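What follows is one structure encoded as C-alpha cells, with my remarks underneath.
Owing to the predicted nature of the structure, the values given are computational and were not obtained by experimental measurement. Lettering follows sequence order; numbering is per chain, from 1. Computation of the quantities below employed the complete heavy-atom set of this structure, encompassing side-chain atoms and omitting hydrogens, waters and symmetry-equivalent molecules.
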Number of protein chains: 2
Amino acid sequence: MMSKSTVLDKMKVEGLRLTPQRVHIVELLFELSHPTADRIYTMMTEKFPHISLATVYSTLKKLKEIGVVRELSSGDKSSHFELAETDHWHFNCKVCGEIYDLEPNDAEALVAVGMNNGAFHLDSYRVEFYGVCAKCNA
Amino acid sequence: MMSKSTVLDKMKVEGLRLTPQRVHIVELLFELSHPTADRIYTMMTEKFPHISLATVYSTLKKLKEIGVVRELSSGDKSSHFELAETDHWHFNCKVCGEIYDLEPNDAEALVAVGMNNGAFHLDSYRVEFYGVCAKCNA
DNA sequence: ATAGGTGCAAAGAGTTTGCATATAA
DNA sequence: TTATATGCAAACTCTTTGCACCTAT
C-alpha cells in the first residue's frame, strides 16, 4: 500500500509541481474507489469551486505518465482511474456498475504468457472479469 | 474456430436480418485482425460505396449483444472488435499498436478467481498485456 | 524570475440518434 | 406487408487544446 507522501515525492522527483489542486486529486484517489474523471471533478469542487475538468484530466494524464495512476477504459462509458499500486484484478458488475478488486492467485504464470517466451517486453497487464456481483444477483 | 455460417445462423435465430451489408461485415470480421469500426467502414466502402459508419456501429453493437463479437476498448483511442470465439489473451504493443493473440496457460484457475468463490456470476473475462512486441524491440 | 499549471471556452474524436427511404422475411 | 435496416446529418459524450493569467519553485 503506497502512501500519499510516496506519491507526492514521486511527483516532485518527476518534475511535477505540487499545486493544492494536484495534492487534493491525489488525496481523492486514495479515498475514492475507481473514480471517473468527472467524479473526481465533482469532489474537487467542494474544495475548489472554480476548478476545471481540464485540470483534472491534465493531472490524471501526468500521473499516468509517471506511473502512479492506471486508467481503466471501460467499453462504452468513460474511463475510471486508480492508483497503480498492488497487483490486483477487477470484477465489473454489469448491473450496478461497481468495480471490485480481486486478489490474483497465480500472477507469475499469467505474466509468463504475456512475455511470450521472452519475445515481448512486458510493461503491465490487466485482468478484467465481467458479470453480476453477489449483491445484484440476490 | 467458428464458421461464417454459424455466425449468420446465430444472427437469424436472434432475429437479426441478414442484409448484404451485415453479411459482409461478418466476412470482414473473419478476415481482419482486431479491426476498429472505422477500419471495417473503409473496407466496406469497396463493396458498398455509400455505406454509413452508423450502419457499421449499429451492426457491431447488435453482434455484441447476441454475443458473437467482443469490443476491446483501448484506453485513449477507438475500440477494436473481434469475433468472440476461442478463449485467448491479448498483447498490445505500445509502439506499433499491433494486438497479438496469446494462448492462455491456465484459464480455469483464473476464472476461479473471477467467480470470487462462487459469489459472482461470471459472463466473460479479458486478459490484456501491454508492452513492446518482438518486432519493435529489435 | 520563469517554467509550468490553472480555468475557461472552444475544438476534436468517437459513437449514437432521429428520420425518411428502402428492403428482408 | 411490415417491422427492421440503411444512409445521412445532426447531436452527444468524453477528452484535449489554446490561451491569458497565475503560482510553485
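Rounded to whole Å, the distance from CD1 on Ile25(B) to C1' on dG7(D) is 13 Å. At whole-Å resolution of the value, OH in Tyr57(A) and P in dG18(D) are 18 Å apart. Rounded to whole angstrom, the span from the OH atom of Tyr41(B) across to the P atom of dA13(C) amounts to 16 Å. Taking atom CG of residue Asp9(B) and atom P of nucleotide dA25(C), one finds them 12 Å apart after rounding to whole Å. Distance, Asp38(A) CG to dT16(D) C1': 15 Å, rounded to whole Å. The separation between Glu71(A) atom CD and dC14(D) atom P is 13 Å, rounded to whole Å. Here dT6(D) presents its C1' atom at 15 Å from CG of Leu60(B), a figure rounded to the nearest Å. Lys12(A) places its NZ atom 9 Å from the C1' atom of dA24(D), with the value rounded to the nearest Å.
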In the 5'-to-3' direction, what one-character label does each nucleotide of nucleotides 2-9 of chain C receive under the scheme B = base within less than 4.0 Å of a protein heavy atom, S = sugar-phosphate only, - = no such atom? -BBSSBB-
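The closest side-chain donor-acceptor pair between Gln21(B) and Thr55(B), if any, does not fall under 3.5 angstrom.
Counting heavy-atom neighbours within 6.0 Å of Arg126(A) CZ, excluding the residue itself, gives a total above 12. Counting heavy atoms of neighbouring residues, nucleotides and ligands inside a 6.0 Å radius, atom CZ of Arg70(A) exceeds 12 of them.
Side-chain contact between Glu82(B) and His90(B) is present, with heavy atoms from C-beta onward closer than 4.5 Å.
The one candidate from Trp89(A), Phe129(A), Tyr100(A) that meets the ring-ring contact (aromatic ring centres under 6.0 Å, His included) condition with Phe120(B) is Tyr100(A).
Cluster membership check: Phe48(A) shares its hydrophobic cluster with Met43(A), using side-chain heavy-atom separations under 4.5 Å among Ile, Leu, Val, Met, Phe, Trp and Tyr.
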